[in-house]
S.K.: 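Provided herewith is a single structure, encoded as structure tokens, for subsequent inquiry.
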Amino acid sequence: MRKRFNSLTLGADALLFGVAGTPLRRNGVLIGGGKVLPEIKFTLPPMSIEDTPAMEIEAMYREIVTAVCERAVHLGQQSVVVEFELLPPMTVDPPMGESITSLIAGILAEFRTSHGLQSLLRITPVDIREQNKPPQRRRGRETELLLESFRRCARAGADLLSIESTGGKEVTDQAIMAADVRGILFGTVVLGCADMEFLWEKIVRVARETGTVPAGDTACGIGNTAMVLADQGYIPRVFAAVVRAVTAVRSLVAYEVGAAGPGKDCGYENAILKAITGLPMSMEGKSAACAHLSPVGNIAGCYADLWSNESVQNIKLLAGMAPVVSMEQLVYDCRLMNVAAGRGEGRRLRDWFSESDAGLDPQAFILSPRAVEALARAIVSEQDDYRRGVAVAVKAVDLLREGLSKQHLLLSEREQEWLTRIEHTVSELPSDSMGFIAEERPKWKDHVNYGEYGIPDDV
Amino acid sequence: MDRYAEIAQHVQNGYSERARKAVEAALAEGCPAERVLKEGLIAGMEVVAAKFKSGQMFLPEVLAVAGAMKAGMELVKPLLVAARHEPLGKVVLGTVRGDMHDIGKNLVAIMLQGAGFDVVDLGTDVRVEKFIDAIEREHPDVVGMSALLTTTMVHMKTVIEALKQRDLRAHVKVIVGGAPISKNFASEIGADGYARDAATAVDVVKELLNSR
Ligand code: B12
């Protein structure tokens, strides 16, 4: 059963790295209880998983996890979170994902006993429900495999269950390229939220059955696709900022059906979700530049309960292997945040994080604590997903307009033109979802199997 | 303004209806379809592609232009086919096996189409056999592969090896791209070209076809 939030847990003043409203405690690790912890991620170097013996792949993971744990111990880090992001073949073949999970969990247990390094293991299977076109989100064999992957990894020693689910992506992929705000709303909040409800009820059940934590999701395939495209100059940044705000409505659904955090690192919308839910969140910023570039490298730190590198392939750098380098960067970032917080100066550092990015890019601007609170309020002021989407899009545009007029935000002329265009589009959105769905449905019928979203054929 | 320039202008502005009407008028006046295509539609798109490449235009604006070009193309294409006009070139594109990332590849397709190439998009998670089948069926001048995962980029080599085995390698140029791909990797696996973005991909394809 979904329980909708109708108020905020943390306002702008209370939003701070390392501090959640409801910290998570498990296996001697405390997340959001005052300290920021590193969340380390890694992936394989160029190689074919299909053509490499399982033993070799496992040896590679053994090497990576051992090396990052050694570095953490060497630097005196006491708690870490490790994420194993499954690759597609490891999800399609659940026993394969299971056996790597079990291997990593084993290494973490060894480090706990031998070095006192406390740790939690997050697993993230790939949303493989897209194999078919249009995707089969509910009835396909892939849905079964995906849940089987969760079950097996959970039993093999995972602590936190996450996914980057892709419901609605068949619409948003095109909507992003066309900077189509209506398509974004349709894909993200109409289809996306429906799929989140379906999927997360199942993940929460798996977590219950296996004694693990249903952690959280991210609208990476929507928000970060837009961010990366904006970064490359393909689409307006103001559009990507509005997309980010809207993704919060979608990612929130996981927590409304029982996810308990920490939210998944690549969801920059986690800032808004932390304000609403008070649950701990993982964030990534400047130390995830190994994975992708972004305009929010510092500001993302304001909200981090876990601080992540997003993922780096296991290649040799001058200092050592890349995941080890990432671990070191994360540890130093966390130390600084934790010392600031320990001296009662966390807010000051947070404001520096925010100020150093917010004026330079609209995507950063809407992530300042004050903006985050305003966006979060807009979402909880409504109960219906579509109306939430409209409310938060309107609020995001208002914030950008205000920032521009007060000269707190720099925008090129072209960006300003797009802001006006988007303003126009959002002001003309229908007020109720039925009307909106009726208008958008036919446009996307070749790309979406509506039955797979539980949306009836006629509305 | 002559007819061709007028068409080019409407394409540049992304005015589909006006572009279509101008093409209709040009053809009615007896302008050759080939010139309508090259000096009208493609010329307009080229201006836009250059602006896009230099960061003066956003993709949604380019898409509107591509729409206008398509509206004109629909009228010109049957005439070109009837006249057995040789298209600029044909490109088969796909994201390799196990990989579902496709935005980058889609962009490459849009830019190539805009430049006047015929593009056959095989989609994502394209296995070796599917690439081979498409090459045997479509006889493209170029095949382009995209990969975003370090664990799928290696499949590009498998496709190139398969092309060699089937004696198809000499008939088709191979280009590759995607975040983990580098120029070095491209030459290591025996590809003919690499491009770091969609606009450059068009240049690379043109160069490869000119050098034949
Ligand atoms: C958006 C995104 C997604 C979206 C994809 C949406 C879509 N429709 O494509 C979603 C959320 C679905 C996704 C899923 C996954 N992703 Co992803 N994703 C990204 C991200 C952030 C951006 C990719 C993108 O769209 N860029 C924008 C486009 C325009 O750029 P581009 O693709 O590079 O293309 C340009 C050029 O490269 C070139 N080009 C591209 N193709 C071609 C082809 C030719 C022939 C030529 C000439 C040129 C060319 O031109 C393009 C246009 O200029 C990247 C980060 C990154 N560094 O790239 C991660 C990234 C690629 N993903 C990653 C991962 C791990 C995954 C998942 C496994 C995550 C998971 N556990 O679920 C799944 C895998 C899904 C699958 N089966 O493939 C990792 C890869 C790590 C690795 N092992 O290699 C990355 C690097 C992020 C990271 N570091 O963690 N992802």
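Proteins get letters first, then strands, A, B, ... in listed order; numbering begins at 1 in each. These numbers were taken from a predicted model, which means no experiment stands behind them.
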S.K.: So if I take each residue of residues 220-233 of chain A and look for any heavy atom under 4.5 Å from a heavy atom in chain B, which residues do I end up with?
M.R.: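 Expected list: A/T225, A/L229, A/G233.
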S.K.: Quick check on the structure: residues of residues 48-58 of chain A within a heavy-atom distance below 4.5 Å of chain B, by number.
M.R.: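 The list, in residue order, reads A/S48, A/I49, A/E50.
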S.K.: Given that the side chain runs from C-beta out, which part of A/Q313 has a heavy atom under 4.5 Å from chain B: side chain, backbone, both or neither?
M.R.: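 Contact with chain B involves the side chain of A/Q313 alone.
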S.K.: Does B/K21 NZ have over 12 foreign heavy atoms under 6.0 Å away?
M.R.: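 No, the 6.0 Å shell around NZ holds no more than 12 heavy atoms from other groups.
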S.K.: If only atom types and distance count, is the side chain of B/N13 paired as donor or acceptor with the main-chain N or O of B/Y15 below 3.5 Å?
M.R.: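 Flag not set: sc B/N13 to bb B/Y15 has no pair under 3.5 Å.
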S.K.: Among A/A179, A/A178, A/S412, A/P89, which residue forms the greatest number of heavy-atom pairs with chain B at distances under 4.5 Å?
M.R.: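 Option with the greatest count: A/A178.
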S.K.: Among B/M153, B/Q56, B/K157, which residue forms the greatest number of heavy-atom pairs with chain A at distances under 4.5 Å?
M.R.: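 Highest number of heavy-atom pairs under 4.5 Å: B/Q56.
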S.K.: Are there over 12 heavy-atom neighbours, none belonging to B/K51, within less than 6.0 Å of that residue's NZ?
M.R.: no
S.K.: Under the criterion side-chain contact (heavy atoms from CB on, under 4.5 Å), I'd like the reasoning laid out for A/V181 against A/V426: C-alpha separation, chi angles, the key distance, then a yes or no.
M.R.: CA-CA 8 Å; A/V181 175; A/V426 297; 4.0 Å; yes
S.K.: Specify which of A/M177, A/Q174, A/K133 makes the most heavy-atom pairs with chain B at under 4.5 Å.
M.R.: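 Result: the option with the highest number of such pairs is A/M177.
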S.K.: Under 4.5 Å heavy-atom distance to chain B, tell me which part of A/P45 shows up: side chain, backbone, both or neither.
M.R.: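 Backbone only.
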S.K.: Which region of A/L44, side chain (C-beta onward) or backbone (N, CA, C, O), has a non-hydrogen atom less than 4.5 Å from a non-hydrogen atom of chain B, or is it both or neither?
M.R.: both
S.K.: Kindly give the heavy-atom pair with the smallest separation between A/Q363 and A/A240, and that separation in Å.
M.R.: OE1-CB, 3.5 Å
S.K.: Quick check on the structure: residues of residues 100-134 of chain B within a heavy-atom distance below 4.5 Å of chain A, by number.
M.R.: B/M100, B/D102, B/I103, B/N106, B/L107, B/I110, B/T124, B/D125
S.K.: Quick one: does any side-chain atom of A/T91 pair with a main-chain N or O of A/P125 as donor and acceptor, under 3.5 Å?
M.R.: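 Absent.
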S.K.: Around B/E17, counting heavy atoms of other residues, nucleotides and ligands shown, do more than 12 lie under 6.0 Å from its CD?
M.R.: yes
S.K.: Is there any residue in residues 176-203 of chain B with a non-hydrogen atom under 4.5 Å from a non-hydrogen atom of chain A, and which ones are they?
M.R.: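 Near chain A, by residue number: B/D197, B/A198.
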S.K.: Donor-acceptor pair, A/R421 side chain versus A/H424 backbone, under 3.5 Å?
M.R.: no
S.K.: Please check: side-chain N/O of B/E138 versus main-chain N/O of B/V92, any donor-acceptor pairing under 3.5 Å?
M.R.: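 No: the side chain of B/E138 does not pair with the backbone of B/V92.
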S.K.: Side chains of A/F84 and A/I123, heavy atoms from C-beta outward: is any pair under 4.5 Å?
M.R.: yes
S.K.: State, yes or no, whether a side-chain contact exists between A/P362 and A/R237 at a heavy-atom distance under 4.5 Å.
M.R.: yes
S.K.: Regarding A/E284 and A/H292, is there a side-chain donor-to-acceptor distance under 3.5 Å anywhere?
M.R.: yes
S.K.: Using modelled atom types only, decide if a donor and an acceptor are shared between the side chain of A/E415 and the backbone of A/V238 within a distance under 3.5 Å.
M.R.: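 Yes, the answer is positive, given that a donor and an acceptor are paired below the 3.5 Å cut-off.
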S.K.: Within 45° of the ring axis of A/Y268 and under 6.0 Å from its six-membered ring centre, is that where the NZ or CZ of A/R244 lies?
M.R.: no
S.K.: Is there a side-chain contact between B/V143 and B/V91 (heavy atoms, below 4.5 Å)?
M.R.: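 A side-chain contact is absent here, since even the closest heavy-atom pair is not under 4.5 Å.
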S.K.: So do the side chains of B/M73 and B/L41 get within less than 4.5 Å of each other, counting heavy atoms only?
M.R.: yes
S.K.: Please tell me whether B/F58 and A/F239 form a close aromatic pair, meaning their ring centres lie under 6.0 Å apart.
M.R.: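 They do not qualify: ring centres at least 6.0 Å apart.
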S.K.: Verify side chain to side chain donor-acceptor pair (under 3.5 Å) between B/E61 and A/W418, making sure each step is shown before the conclusion.
M.R.: CA-CA 11 Å; B/E61 291 148 356; A/W418 271 93; 2.9 Å; yes
S.K.: Could you grab the distance from atom CG of B/D99 to atom CG of B/L149, nearest 0.5 Å is fine?
M.R.: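 The distance works out to 4.0 Å.
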